[in-house]
Amino acid sequence: MMSREEAARRAAELRAEIERHNYLYYVLDRPEITDAEYDRLMRELMAIEEAYPDLQTPDSPTLRVGGAPLAVFETVTHRVPLLSLANAYTPEELRAFDARVKRFLGTGDVSYVAELKIDGLTVALTYEAGRLVLGATRGDGEQGEDVTANVRTIRSIPLRLSRALSLIVRGEVYMKRPDFLRLNEARRAAGEPEFANPRNAAAGSLRQLDPKITASRPLDAFFYDVLTVEGADVATQWEALSFLRELGFKVNPAARLCRDIEEVIAFCDEWATRRHEVAYEIDGIVVKVNSLAQLTALGATAKAPRGKIAYKYPATEEVTRALELAVNVGRTGVLTPLAILEPVEVAGSTVSRATLHNEDYIQEKDIRIGDTVVVRKAGDVIPEVVRVLPERRTGTERIFTMPTRCPECGADVVRLEGEAAARCVGAACPAQLREGIIHFASRNAMNIEGRGPQIVSQLIEAGLVHDAADLYRLREQDLVKLERFGPKSAENLVRAIAATRGNELARLIFALGIRHVGENVARVLAERFRSMDALAAADEEELLAIPAIGPKIAASIVSYFREEQNRRLLEKLRAAGVKMEEGEAAPA
């Protein structure tokens, strides 16, 4: 074991090396090492800090993983008010802004910096002697929330600057479109409500009381304003952007120095057509007087600085017809209604389908089959029907009703009290089959070794598996016919599956994927009922008598065991030798 002096020296080296790689990867997008090599560096630093806790510094990269959950966010009073911006929607309004600036300053010599307006959540970061000490949301501009622990989890935000300066900077935390779509897909799979757009996803992720949740979300940040600085001189906004880059902040590369307002207008026009080229949401252009001395002289109104303005792009909306209202069955059984549209160009792509979210959304907006509708992309990402144009109705439109039987498999469709989503409860539903089997075999469920998503897909496509019970009927001679399966790998998979027949009852209950039944609830149910038959026979009143079981869980359990498909699955599992009772001897 290394001495404390050696550990301190090595920890300092590791912190510097890890932050250098963070900067290369998250800010410059130029990684020099593999993820595995990065993980080794991080594990070495964590081991040193665990052995010598006093060596962990406030800016250690190990603190990015998230600290203890907070009871509430503390209120922060901003040293420099974070004012909002006045808006402009036309070139004429930009020219009027330019005229006001020149009239107020008494000079025609004014240049501007035009920057992309990132659609995210504004934050102010405070650094003392180069170290991050405070991260706060904008709030009402005068007061915000202390989200320091959450800000630390964002890898593109430096915990220590390249110079030991004290300053306050302003930036925008955001989420890229692909990351937003993946997050919503995961939330759908978990039965959690989806975020409406990337901005809401970023805001909701940054304002988590548990920093570990924030750390698990793919947040990023751009910085664009130096609010205060000690020990450095910055004369213009253009210099400020370079200064921020020099210190280690991520700065949007699309900013442009403009000699006059006409160059600003040209920049706005350019990005009106290019805004969908970038992976993040922008809803306009921020225009700033370049000279910071002029900006200070201009001052501010009660709400907004006189030397800055936001040129806002309108949301792209198009009119088309809803040819049909259909239903899509998701991998967790959720039935999502969608509109089949006459194809229309929206925000740079052809749209022929649009989400209708749920049954309540359709009723609230009175959307009917055959209606003329207004469509846009929510957050410039997900096509949705915004409103109906009832004045264009011809009398041939038809009212939509949500099916009571699953269109994929015919099982019951259930909508639990207090939930917006309707769900298919059939375990053998083709739409749910793949993800259901992946869950069944997962580590925390039946824990079948060697089961990956690709293998599950192969088994389904080959017609070898139609439900989870069919896993126990697989034979080596069937598997060796599949691509990438040799005799040894086939033998290993069959043996791994067979080894799970004797798993404890709690694992099997969790593996069934019953809505709202997680690992803890599965253990409670196994301890209380001791057998699958007893659990299947329980009614809601009996379930509600258990302290850990609420009305939603009870209704979901009863609904699951009422469905004939699910009862057949359990009988197939029993016939395959899967243990159905707690304490039951494992099959030989």
Side-chain angles (χ1 to χ4, degrees), residues 185-186 188-189 328-334 405-412 423-515 517 522 532 536 560-561 563-580 584 586-588:
E185 183 180 356
R188 273 196 304 275
N328 179 62
V329 184
R331 63 183 184 178
T332 60
V334 174
R405 308 290 293 182
C406 175
E408 293 282 348
C409 70
D412 285 341
R423 294 174 182 274
C424 166
V425 295
C429 178
Q432 303 175 66
L433 178 59
R434 178 179 181 273
E435 295 303 323
I437 292 176
I438 290 171
H439 171 76
F440 183 91
S442 65
R443 184 181 305 277
N444 294 333
M446 295 301 276
N447 193 25
I448 297 174
E449 293 183 11
R451 83 295 173 240
Q454 290 182 332
I455 290 177
V456 172
S457 295
Q458 273 187 288
L459 296 174
I460 294 172
E461 290 165 8
L464 296 175
V465 169
H466 301 90
D467 59 31
D470 284 341
L471 292 171
Y472 295 93
R473 301 175 184 271
L474 291 173
R475 301 175 303 171
E476 293 174 28
Q477 54 263 44
D478 296 325
L479 294 175
V480 293
K481 299 174 185 177
L482 302 180
E483 187 180 353
R484 293 191 298 274
F485 264 102
K488 188 62 178 178
S489 56
E491 178 189 350
N492 289 342
L493 181 58
V494 170
R495 183 185 293 116
I497 293 169
T500 68
R501 284 189 170 97
N503 279 353
E504 59 188 25
L505 181 61
R507 278 188 174 273
L508 178 59
I509 294 171
F510 176 60
L512 294 176
I514 304 170
R515 172 84 170 139
V517 176
M532 190 66 74
Y560 180 88
F561 287 107
E563 174 54 47
E564 177 62 28
Q565 285 184 24
N566 301 338
R567 292 199 296 270
R568 286 200 299 268
L569 171 66
L570 290 170
E571 287 310 308
K572 285 182 67 175
L573 287 167
R574 191 192 306 274
V578 176
K579 189 174 75 171
M580 291 282 169
E584 178 184 0

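For the numbers below, each heavy atom of this structure counts, side chains included, while hydrogens, waters and symmetry mates do not.
Remark: Asp470 engages Lys572 in a salt bridge, criterion side-chain N to carboxylate O under 4.0 Å. Here Glu571 does not pair with Arg568 in a salt bridge; the nearest charged N to carboxylate O distance is not below 4.0 Å.
Counting only distance, with no hydrogens or angles, the side chain of Arg501 and the backbone of Ala576 share a donor-acceptor pair below 3.5 Å. The backbone N or O of Gly410 sits less than 3.5 Å from a side-chain atom of Arg405, completing a donor-acceptor pair. Here the side chain of Asn566 pairs a donor or acceptor atom with the backbone of Val425 at under 3.5 angstrom. The backbone N or O of Ala506 sits nowhere less than 3.5 Å from a side-chain atom of Glu504 that would complete a donor-acceptor pair. Judged by distance alone, the side chain of Gln458 and the main-chain N or O of Glu483 form a donor-acceptor pair under 3.5 Å. Between the side chain of His439 and the backbone N or O of Phe510 there is at least one donor-acceptor pair closer than 3.5 Å.
With rounding to the nearest 0.5 angstrom, the CG atom of Leu459 is 6.0 Å from the CG atom of Leu464. Atom CD1 of Ile437 and atom OG of Ser442 lie 12.5 Å apart (nearest 0.5 Å). To the nearest 0.5 Å, atoms CG (Asp412) and CD (Glu564) are separated by 11.0 Å. To the nearest 0.5 angstrom, Leu569 atom CG is 11.5 Å from Arg574 atom CZ. Leu482 contributes atom CG, which lies 9.5 Å from atom CD1 of Ile455 (distance to the nearest 0.5 angstrom). Rounded to the nearest 0.5 angstrom, Gln565 CD and Cys406 SG are separated by 8.0 Å.
Between Phe561 and Leu570, the shortest heavy-atom contact is CE2-CD1, 3.4 Å. The minimum heavy-atom distance linking Lys579 with Leu508 is given by the pair O-CD2, 3.5 Å. Here the closest non-hydrogen pair linking Val480 and Gln477 is CG2-O, 3.4 Å. In plain terms, the two heavy atoms of Tyr472 and Ala468 that are nearest each other are CD1-O, 4.0 Å. What you find for Leu493 and Glu449 is that their closest heavy atoms are CD1-O, 3.9 Å. Shown here for Val494 and Leu479, the closest heavy-atom pair between the two residues is CG2-CD1, 3.7 Å.
Using a 4.5 Å heavy-atom cutoff, the side chains of Met532 and Leu512 are in contact. Side-chain contact between Arg434 and Ser457 is present, with at least one heavy-atom pair separated by less than 4.5 Å. Contact check for Thr500 versus Arg507: no side-chain heavy atoms found under the 4.5 Å cut-off.
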